[in-house]
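Scope of the values below: all heavy atoms of this structure, side chains included, with no hydrogens, waters or symmetry mates. Here is how names work: the chains are called A, B, and so on, in the same order as the sequence lines, proteins then strands, and each is numbered from 1.
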Amino acid sequence: MYRIKAANTYEKRPEDPRGNSYVDYRHKKQDKLDEQLNQQKIDDLFVDCVIMLNGRLEPSANYLRQLIGTHGGKVVFQYMPGVTHIICQNLSASKFIQYSKKTIPVLLPKYILSCVEHKTLLDTTEFILPQLLLEQTQQTQQTQQTQAQEPSPEFRMSQINFNYVVEPVVLDPDSERIQQKLQNLEQQIKIYQLNEIAQIDYGEVIQNVQNTDSQKSSPTQLQYIQNSPVKTHDKINVREYHEQSRLHHLSQWKVEAQQFLIQNPPQGPKPNDTAAPLFMHIDIDCFFVQASYSALSAQQQLLYQSLPLCVCSSSNTGQNSTADIASCNYVARSYGIRNGMWLRTAQEKCKELVILKYDFQVYSEQSKRFYQNLLDISSQIMPVSCDECYIKLSGLISNKEEFMTELKAKIKRSTGLITSIGLGSSLIQARIATKLGKPNGQIHIGKEQFIELIKHKTVDFLPGIGQETATVMNSIGIYSVGDLQHAQLNLLQQTFGEIKGQQLFNSSLGIDSLVFKPIQGGQQQKSKQLQVSQNFGVRLTTLLQLKQFIYNLLVELQAKQKERNQQINRIILHLNVVAKNANPQWAKNGGCGQCEKTTSSCSIQGEVTEYYEQILEPILSQFRVEDVRGADIVGVCGEQQPEIIRNKTNKINDRTSLNQFKELLNNFQEQQQNTNLITGDISQIDQIQDENVREKVKQVIGLQIIKRGNLDDVLKYDDFQQKNYYMQQMWGEFL
DNA sequence: TCAACAGCCAAG
DNA sequence: CATCGCTTGGCTGTTGA
Ligand SMILES: Nc1ccn([C@H]2C[C@H](O)[C@@H](COP(=O)(O)OP(=O)(O)OP(=O)(O)O)O2)c(=O)n1
């Protein structure tokens with residue numbers, strides 16, 4: 001039996017685990033924040049070193065950079081004269097040749113960690129990249145501090161190696177015995193009893209869906225083991241757990257916002273598609289904090305005015321809380337506190353941080369009120385979340401400033417909440433405008449300004465660029481948005497893939513990759529998948545309990561399916577099992593910690609709840625029940641209406657007439673956003689000055705028109721995202 | 001050639 | 001007391017018919 005695992009999992013540093021569940025992403029995010037805010041120098045260990053980090057590393061390049069920085073060293077991500085060490089992990093063939101000729105030591109990341117650990121520069125011999133060892137052993141003695149030759153082009157273009165290794169699963173010697181035991185036990189404890197119980201539970205839950213009464217404790221709910229690390233005063237089941245989970249509500253409210261708009265179609269005027277495109281993005285500032293604050297008594301509000309506030313499930317003052325901060329106000333942010341940060345980290349930054357309680361009821365009501373205020377602006381609204389949405393305003397607004405001021409005042413009157421508004425000619429421009437204006441901002445960004453305004457931001461400022469993408473970008477020498485604006489498109493595409501690469505590039509220029517999809521009144525939204533998860537507070541002892549857990553999740557899935565009137569063709573179970581070397585010290589209290597996913601899937605005929613055993617059966621031998629820390633169940637929905645509009649990615653790569661391209665593609669983009677199809681006027685192509693460029697554009701567009709009959713069909717046929725083949729066909733001439 | 005599937009990433 | 005780490009969608013890459 002084999003399990004695929006990321007090749008470079010680094011297990012010695014639990015606070016930066018990789019390749020596991022999203023849960024670890026939280027840790028990484030936390031790390032990143034910590035790192036950004038802790039840059040004091042510790043010593044001068046690496047003071048004479050210029051260390052080049054290359055490719056994907058474990059621990060992450062970001063972490064190593066911080067580490068080296070705090071010990072006085074300099075870090076570069078591309079080769080340059082003066083580099084004293086190269087840190088690398090996966091060597092591609094071309095680089096292998098390059099590196100083996102260099103006189104600079106090429107070392108494993110372990111070298112940095114060991115040096116720090118021993119507080120001295122160690123001999124490099126032990127840490128030479130194994131691939132190079134044969135060639136280089138003779139040379140290593142005299143390699144340090146040597147000046148290097150000019151870099152070759154390939155050398156500068158750092159590639160990322162996404163190799164995977166297949167690693168045999170070493171079963172715990174006990175597990176088989178335990179399995180056996182459990183199975184026997186299960187048979188003894190009447191397996192059919194579960195079915196019986198299950199039926200009862202099923203009925204109850206469905207009934208509860210209908211009359212929304214809170215559910216009484218049912219026999220199938222999870223049982224916590226005695227003396228488990230998670231102590232609980234009460235038993236919980238999936239539904240009760242979700243009631244308390246902010247992320248569950250957040251996801252739920254997004255769906256509710258969509259449904260609200262379906263049931264209450266916006267009455268505002270229809271935007272004018274022939275007018276200059278104009279989009280608005282609006283977001284309530286630190287939503288949870290404002291809402292929780294507004295629910296306080298006047299006296300308390302006065303007391304907390306202009307104090308650092310946050311919303312967090314912990315009310316403790318004990319200093320070691322691992323509770324997440326859902327939202328913090330801008331005073332708190334000035335201390336470096338961020339949403340999603342653990343309370344104890346935040347309290348290290350600001351002792352006076354005031355904790356407010358969640359009030360999900362209030363958030364839900366405020367969200368509804370917020371949306372109510374948006375209904376008469378325009379007929380086209382696209383919700384992003386409970387506190388955030390895009391609205392199309394093309395041709396509807398005369399005085400922008402006045403409009404924004406009035407809307408903000410109106411929302412303030414109705415909800416008491418302060419919002420930020422951004423206007424721009426594309427979604428991303430509006431989005432960035434909001435971000436730049438926060439808090440209490442109202443900004444309109446012009447196309448030209450956009451590129452200048454964000455030039456000096458780090459790449460992760462752009463929506464769509466998170467921790468992972470930023471790290472990879474850094475490793476190919478792109479740090480700022482400006483770097484990205486001037487990056488080589490083909491390098492980006494080579495690194496991130498054809499579409500993703502193009503989208504990243506486009507984003508830096510303010511061109512949307514997100515498509516504006518306003519809610520269509522009366523038309524039920526169909527999801528592609530429905531998911532139910534619980535990865536908190538799960539500590540099981542018996543197989544029976546595991547089955548109950550899975551069953552409970554399936555009951556929720558079924559309820560969701562019925563509620564949304566969707567069909568589920570297949571379910572996928574991701575069981576989160578505690579990672580072998582997970583460091584308990586870093587684990588969130590009650591959380592799942594570092595986990596490895598064990599996955600199983602099966603097709604569904606009939607009710608999903610009937611599959612609780614069948615879905616577990618194939619993977620039962622791969623883990624011990626007491627190691628299970630949670631599960632995600634994904635239901636893949638069927639009977640999807642085919643999407644008419646797939647994502648379209650505009651191609652730009654002619655540097656000499658970049659501006660013309662930008663302009664042209666902006667126009668195309670705008671038309672696309674305006675009509676969802678480019679039906680329009682392609683005579684503007686004739687206005688392109690540069691003959692080369694003009695012909696290329698004509699070729700590509702024209703070719704497709706001929707092929708498909710007309711431009712509408714070209715774009716309807718936009719299946720090319722599915723396969724690179726189509727990309728080549730559609731846009732090959734451009735490349 | 002393309003649908004299906006699995007995995008990763010981002011977002012609030 | 002802790003603590004409530006969910007859910008959806010888009011893109012990449014592989015497979016197999
Ligand atoms: N990791 C996160 C991020 C957000 N939220 C919740 C709390 C936020 O109030 C709400 C909206 O998220 P935003 O990203 O809009 O952040 P805020 O509204 O808190 O702040 P701002 O929009 O001013 O940056 O979602 C959360 O619970 N956990």
Round to a whole Å and report the spacing from [atom1] of [X] to [atom2] of [N].
| X | N | atom1 | atom2 | result |
| --- | --- | --- | --- | --- |
| A/L504 | C/dG10 | CG | P | 16 Å |
| A/K597 | B/dG7 | NZ | C1' | 10 Å |
| A/R246 | C/dG5 | CZ | C1' | 8 Å |
| A/I325 | C/dT3 | CD1 | C1' | 14 Å |
| A/I499 | C/dG10 | CD1 | C1' | 9 Å |
| A/E256 | C/dT7 | CD | P | 13 Å |
| A/R239 | C/dC6 | CZ | P | 16 Å |
| A/Q529 | C/dC11 | CD | P | 14 Å |

Which residue lies more 5' along DNA chain C, comparing A/Q525 with A/G497 via nearest heavy atoms
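With A/Q525 and A/G497 compared, the 5'-side residue is A/Q525.
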
Of A/F496 and A/L530, the one whose closest DNA chain C nucleotide lies more 5'
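The residue closer to the strand's 5' end, by nearest nucleotide, is A/L530.
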
So, does [X] get its side chain near the phosphate of [N], meaning an N or O under 4.0 Å from OP1 or OP2?
| X | N | result |
| --- | --- | --- |
| A/T599 | B/dA6 | no |
| A/S313 | C/dA2 | no |
| A/K357 | C/dC4 | no |
| A/S314 | C/dT3 | yes |
| A/S315 | C/dA2 | yes |
| A/Q503 | C/dC11 | yes |
| A/K528 | C/dG10 | yes |
| A/Y358 | C/dT3 | no |
| A/K588 | C/dC4 | yes |
| A/S321 | C/dA2 | no |

Taking the minimum atom-to-atom distance to the side chain of [X], which one of [options] wins?
| X | options | value |
| --- | --- | --- |
| A/T322 | C/dT3, B/dG7, B/dG12 | C/dT3 |
| A/V384 | B/dC9, B/dG12, C/dT3 | B/dG12 |
| A/P463 | B/dA11, C/dG9, C/dT3 | B/dA11 |
| A/N535 | C/dC6, B/dG12, C/dG5 | C/dC6 |
| A/H248 | C/dG9, C/dT3, C/dC6 | C/dC6 |
| A/L247 | C/dG5, C/dT12, C/dG10 | C/dG5 |
| A/S527 | C/dG9, B/dA6, B/dC9 | C/dG9 |
| A/K500 | C/dT7, C/dG9, C/dT12 | C/dT12 |

Determine the contact category for [X]: base if any of its heavy atoms lies under 4.0 Å from a base atom, sugar-phosphate if only primed atoms, P, OP1 or OP2 are that close, otherwise nothing.
| X | result |
| --- | --- |
| A/R431 | sugar-phosphate |
| A/E388 | sugar-phosphate |
| A/H242 | sugar-phosphate |
| A/V636 | nothing |
| A/S251 | base |

Relative to each other, are the rings of A/W253 and A/F288 parallel, tilted or perpendicular (30° and 60° limits)?
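Rings of A/W253 and A/F288: perpendicular, over 60°.
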
Testing A/V538, A/D632, A/V628 for side-chain contact (heavy atoms from CB on, under 4.5 Å) with A/N576, which one passes?
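Among A/V538, A/D632, A/V628, the one that satisfies the side-chain contact (heavy atoms from CB on, under 4.5 Å) with A/N576 is A/D632.
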
Which of these, A/L353, A/I337, A/D324, A/T322, sits in a side-chain contact (heavy atoms from CB on, under 4.5 Å) with A/L343?
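When side-chain contact (heavy atoms from CB on, under 4.5 Å) is applied between A/L343 and each of A/L353, A/I337, A/D324, A/T322, only A/L353 qualifies.
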
Determine, step by step, whether A/L514 and A/M382 satisfy the side-chain contact (heavy atoms from CB on, under 4.5 Å) criterion, reporting the C-alpha distance in whole Å, the side-chain angles of both residues, the deciding distance to 0.1 Å, and the verdict.
CA-CA 11 Å; A/L514 184 66; A/M382 175 169 85; 4.0 Å; yes

Checking A/D512 against A/N506: is there a side-chain donor and acceptor pair closer than 3.5 Å?
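No.
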
I'd like to know if the side chain of A/S292 and the backbone of A/V289 have a donor-acceptor N/O pair within less than 3.5 Å.
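No.
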
Excluding sequence neighbours, so at least two apart, what forms ring pair (Phe, Tyr, Trp, His ring centres under 6.0 Å) with A/Y358?
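In terms of ring pair (Phe, Tyr, Trp, His ring centres under 6.0 Å), with neighbours along the sequence ignored, A/Y358 is linked to A/F360.
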
If you take atom types as modelled and just measure distance, does the side chain of A/Q534 reach the base of C/dG5 with a donor-acceptor pair under 3.5 Å?
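Flag unset: no donor-acceptor pair detected.
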
For A/Q361, check side-chain contact (heavy atoms from CB on, under 4.5 Å) against everything at least two apart and list the hits.
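For A/Q361, the residues satisfying side-chain contact (heavy atoms from CB on, under 4.5 Å) (neighbours in sequence not counted) are A/D359, A/E365.
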
